[in-house]
Amino acid sequence: MNLKAAGLDQSKYALSLPDDISPRILNISDLKALNELRRRVVSGQLAHPDCYRKEAESPNFPASHLEPALADIHGVICGLIDATGQLVGYGSLSFALPDVPSRADVLDIPADERPRIGYLSSSMIDQNRQGQGLHHALIDWRIQLCTALALSHVVSATWPGNYRSWKHLTAHGLRGKKIVDVAQGLQRTVFHRDLRIPLSEREEAQVTVDIFDIEHQRELIDQGFWICRLLHNGDQALAELCLAATNNALICGQEA
């Protein structure tokens with residue numbers, strides 16, 4: 001994988017960011033700052049403990065993603081730096097590794113295409129910078145990296161109740177295609193987008209489900225529906241599901 005040709009060492013990607021935020025691919029010298037941001041977010045800024053569980057991470061993360069010069073690189077981490085030099089957000093892009101299980105294994109992706117999967121595997125924003133579109137910028141940046149690296153698929157997984165996270169994914173064309181039980185009693189919704197399929201204007205929602213009615217969502221997905229966007233009905237948050245056959249993607253209005 002030609003990481004240098006993809007422009008990982010320069011900020012050549014078109015990103016919508018506040019004026020005081022600079023994007024940079026992180027390296028091993030950023031490990032201390034990255035660990036501090038992760039500790040701060042996980043220990044006191046999560047809406048629910050299942051929004052991020054470190055035991056679900058791949059071994060040696062994040063250090064395994066901080067050496068982009070290595071031939072056996074597991075991925076890269078996109079960092080957001082404020083005007084004081086503080087790391088205020090990051091998003092990791094993990095690469096498919098031979099014979100290593102992944103969340104994508106539950107999807108109907110042909111075996112010969114699995115090496116061309118990019119995983120949006122972890123992302124955190126400091127609470128003080130929430131609501132400024134930084135999650136959207138990190139998703140957009142990593143999708144652009146996938147395109148530059150000739151990857152065909154983007155996959156991500158979230159706790160089903162973490163609608164604050166998955167609404168960002170669906171805004172960039174990813175769709176919830178499986179809800180699975182994983183280790184340690186965790187559940188994850190697996191989102192996917194085929195980058196070779198153009199984004200259409202909008203799908204027609206077929207059914208809405210309360211975002212915390214996970215079993216109903218799972219039943220509908222098993223019947224051929226995909227989670228396509230978040231809808232607010234007063235104080236209630238609903239997941240809109242669309243039939244997969246009519247659902248070759250959408251980019252809907254982005255919320256911060």
Would you please test Leu37 and Val88 for side-chain contact (heavy atoms from CB on, under 4.5 Å) and show each step?
CA-CA 7 Å; Leu37 172 62; Val88 297; 5.9 Å; no
Between Asp140 and Gln144, is a side-chain contact (heavy atoms from CB on, under 4.5 Å) present by the stated rule, with each step listed?
CA-CA 6 Å; Asp140 188 28; Gln144 290 185 58; 3.3 Å; yes
Under the side-chain contact (heavy atoms from CB on, under 4.5 Å) criterion, do His153 and Leu107 qualify, and how do the steps go?
CA-CA 11 Å; His153 300 273; Leu107 300 174; over 6 Å; no
Given side-chain contact (heavy atoms from CB on, under 4.5 Å), test Ile25 with Cys78 step by step and report yes or no.
CA-CA 5 Å; Ile25 296 295; Cys78 303; 3.9 Å; yes
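The residue from Val154, Leu151, Val155 that alone fulfils the side chain to side chain contact (heavy atoms under 4.5 Å, CB included) condition with Ile117 is Val155.
Side-chain atoms of Asp30 and Ile77, non-hydrogen and from C-beta on, never get closer than 4.5 Å to each other. Looking at Asp20 and Arg129, their side chains come closer than 4.5 Å, going by heavy atoms from C-beta outward. Within the 4.5 Å cutoff, no side-chain heavy atoms of Leu169 are placed close to those of Arg193. Annotation: side chain of Leu93 is not in contact with side chain of Ser121 (no heavy-atom distance under 4.5 Å). Side-chain contact between Asp181 and Arg218 is present, with heavy atoms from C-beta onward closer than 4.5 Å. Put simply, the side chain of Pro18 does not reach to within 4.5 Å of the side chain of Asp82, judged on heavy atoms. At least one side-chain heavy atom of Leu80 sits less than 4.5 Å from a side-chain heavy atom of Trp141.
The OG1 atom of Thr170 sits 8.5 Å away from the CD1 atom of Ile139 when rounded to the nearest 0.5 Å. Distance check, rounded to the nearest 0.5 Å: OG of Ser165 to CG of Leu120 gives 9.5 Å. Here the CD-CG distance, from Gln187 to Asn162, works out to 13.5 Å after rounding to the nearest 0.5 Å. We find the CD1-CD1 distance between Ile179 and Ile221 to be 4.0 Å, quoted to the nearest 0.5 Å. Between the CD atom of Glu36 and the CD atom of Gln86 there is a distance of 8.5 Å, given to the nearest 0.5 Å. Rounded to the nearest 0.5 angstrom, Arg175 CZ and Thr189 OG1 are separated by 13.5 Å.
Between the side chains of Ser122 and Tyr90, at least one donor N or O sits under 3.5 Å from an acceptor N or O. Of the N and O atoms on the side chains of Gln217 and Asp213, not one donor lies less than 3.5 Å from an acceptor on the other residue.
Scanning both residues, Gly161 and Ile211, for their nearest heavy atoms gives O-CD1, 4.3 Å. Of all non-hydrogen atoms in Gly79 and Leu87, the two that sit nearest each other are CA-CD1, 4.0 Å. Across all their heavy atoms, Leu138 and Gly89 have their closest contact at CD1-C, 4.5 Å. Contact between Gly176 and Phe191 at its shortest, heavy atoms only, is N-CD2, 3.2 Å. Ala104 and Arg114 get closest at one heavy-atom pair: O-NH1, 3.0 Å.
Taking the six-membered ring where tryptophan is involved, the planes of Phe212 and Trp159 are tilted, since the angle between them lies from 30° to 60°. Relative ring orientation between His172 and His136 is described as tilted, the plane-to-plane angle lying within the 30° to 60° band.
Not one N or O on the side chain of Gln236 forms a donor-acceptor pair closer than 3.5 Å with the backbone of Asp210. In this structure, the side chain of Arg196 does not engage the main chain of Ser152 through any donor-acceptor pair within 3.5 Å. Checking side-chain atoms of Asn35 against main-chain N and O of Lys32 turns up no donor-acceptor pair under 3.5 Å. Panel note: side chain Arg142, backbone Ser92; a donor-acceptor pair is recorded below 3.5 Å.
Around the CG atom of Asp108, the shell of radius 6.0 Å holds no more than 12 heavy atoms that belong to other residues, nucleotides or ligands.
Leu238 and Leu220 are assigned to two separate hydrophobic clusters, defined by single-linkage of ILVMFWY side chains at heavy-atom distances under 4.5 Å. Taken together through direct or relayed side-chain contacts under 4.5 Å among Ile, Leu, Val, Met, Phe, Trp and Tyr, Val207 and Leu231 form parts of separate hydrophobic clusters.
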